[in-house]
2 protein chains.
Amino acid sequence: MQEEPLQGKALVGGKPDDETFVDSYLLYLLAAASRKASEQFHSRIRQNGLRVPEWRVLAGLMDKDGAMVTRLADIALMEQSRLSHIIDQMDKRGLVTRKFDTDDGRRKRIFLTDHGRQLATKMVAEAREHEAGLLQSLADTDAERIKPVLTALLKHLNNDKPT
Amino acid sequence: MQEEPLQGKALVGGKPDDETFVDSYLLYLLAAASRKASEQFHSRIRQNGLRVPEWRVLAGLMDKDGAMVTRLADIALMEQSRLSHIIDQMDKRGLVTRKFDTDDGRRKRIFLTDHGRQLATKMVAEAREHEAGLLQSLADTDAERIKPVLTALLKHLNNDKPT
DNA sequence: ACAATGTATATGAATTTTCATACATTTTTT
DNA sequence: AAAAAATGTATGAAAATTCATATACATTGT
């Protein structure tokens, strides 16, 4: 927690583009694009009394209602134990419910409640609306081609699964 | 925390593709691509005794050593207060150091220490290496075109700054 | 020159997230 | 058919992150 004096603007500031790292680093571009693109919508999520991970769970369940925990965690881009905690809370709030899987006693399957589905439906509509605006503002841009590119990347990433 | 019986595979599983939401939702694709693409490298980061946000700080400083806190938080994709906490820890570990800005007494500027720069340099090398592998495995794929597309998207996102 | 307003960072309590592991069940091996 | 290994979920303590706000300095308007 030391504090030294000296050093001002002088030393700081831009390098020539060919010396920068992050701006041309794929994983950074992905993370940055995701964060910056999502910022606005994330605040809409909060305005609806949800946190981002909860929204991801709702959205995931809209596509795969009754998903098992592990699968849902994968879809919702979070760790299993975190999902368990979040399900606890969403269950208490009456948004989702757990049911035993008939075939495999280890599994629980997560379902939207009526209330949950109602909220999810509303949010999906907002999401689509927001996305439309985003995509429209992208028209006539390179970024326009982004969806197929991301889809291809994801497909690729899901194949030769990690080390 | 209720647990009901019944319900198995029967109700679960895939909808036709045109009914799914997340798989065609831009913000989801971005978040998923980012997470899945980064997974492997993130474990490398931890193997080097860093957490992901710390790596982002190091990487950011490689490009903009002496950045002010707010700017660095933006680069490192995190909130200002979080960065402050992280700087505390990195400072204690001797990776970075705070210096007063001569021109504006409110500002602090963050610099890599020698040790920090050494580690950052090593990690950047690893990152580039890892990225090369990723890009290579992408060759002859749509995803190949991803960088320019993301760059365009980011540029766009940074212009008409949020509402 | 002085309020008033705005900006930059730090701080600490509250909340969220992670990490390691426990527990229950299923699958595989012998 | 046991035993061993693997899988699915939950749990709780530890650690990280957020949120609201304090503090300090800068800028603006009068």
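Numbered from 1 within each chain, the chains take letters A, B, ... in sequence-line order.
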Side chains of A:V22 and B:K64: does their closest heavy-atom pair fall under 4.5 Å?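 Not in contact.
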
Below 4.0 Å: OP1/OP2 of [N] and any side-chain N or O of [X]:
X: A:K108; N: D:dG8; answer: no
X: B:R98; N: C:dA10; answer: yes
X: B:R71; N: C:dA8; answer: no
X: A:R106; N: C:dA24; answer: no
X: A:S84; N: D:dT11; answer: no
X: B:R107; N: D:dC25; answer: no
X: B:Q89; N: D:dA16; answer: yes

How long is the line joining [atom1] of [X] and [atom2] of [N], in whole Å?
X: A:R35; N: D:dT17; atom1: CZ; atom2: P; answer: 11 Å
X: B:I87; N: C:dA8; atom1: CD1; atom2: C1'; answer: 12 Å
X: B:I110; N: C:dT9; atom1: CD1; atom2: P; answer: 8 Å
X: B:E79; N: D:dA20; atom1: CD; atom2: C1'; answer: 11 Å
X: A:R46; N: D:dT18; atom1: CZ; atom2: C1'; answer: 10 Å
X: A:R109; N: C:dT25; atom1: CZ; atom2: P; answer: 17 Å
X: A:K92; N: C:dT15; atom1: NZ; atom2: C1'; answer: 14 Å
X: A:R82; N: D:dT11; atom1: CZ; atom2: P; answer: 18 Å

A:E39 versus A:S43, side-chain donor and acceptor atoms under 3.5 Å: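 No donor-acceptor contact under 3.5 Å links the two side chains.
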
Please check if any side-chain donor atom of A:S137 sits under 3.5 Å from a side-chain acceptor atom of B:H156, or the reverse.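 A:S137 vs B:H156: donor-acceptor pair found between side chains.
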
Any donor-acceptor pair, under 3.5 Å, between the side chain of B:Q80 and the base of C:dA8, if you only look at N and O atoms? no

Are the charged groups of A:E54 and A:R51 less than 4.0 angstrom apart, N to O? yes

Between A:R106 and A:D101, is there a side-chain N and carboxylate O pair less than 4.0 Å apart? no

Given that A:G105 and B:D104 both sit by DNA chain C, which one's nearest nucleotide is further toward the 5' end?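 The 5'-side residue here is B:D104.
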
Report the residue (A:V69 or B:R51) whose heavy-atom-nearest nucleotide on DNA chain D is the more 5′ of the two.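 Its nucleotide being nearer the 5' end, the pick is A:V69.
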
Base, sugar-phosphate, or nothing: which does B:E54 touch, judged by heavy atoms less than 4.0 Å apart?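 Here B:E54 touches no strand at all.
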
Which part of the nucleic acid does B:S81 contact within heavy-atom distance under 4.0 Å: base, sugar-phosphate only, or nothing?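 If one applies the 4.0 Å heavy-atom cut-off, B:S81 turns out to touch a base.
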
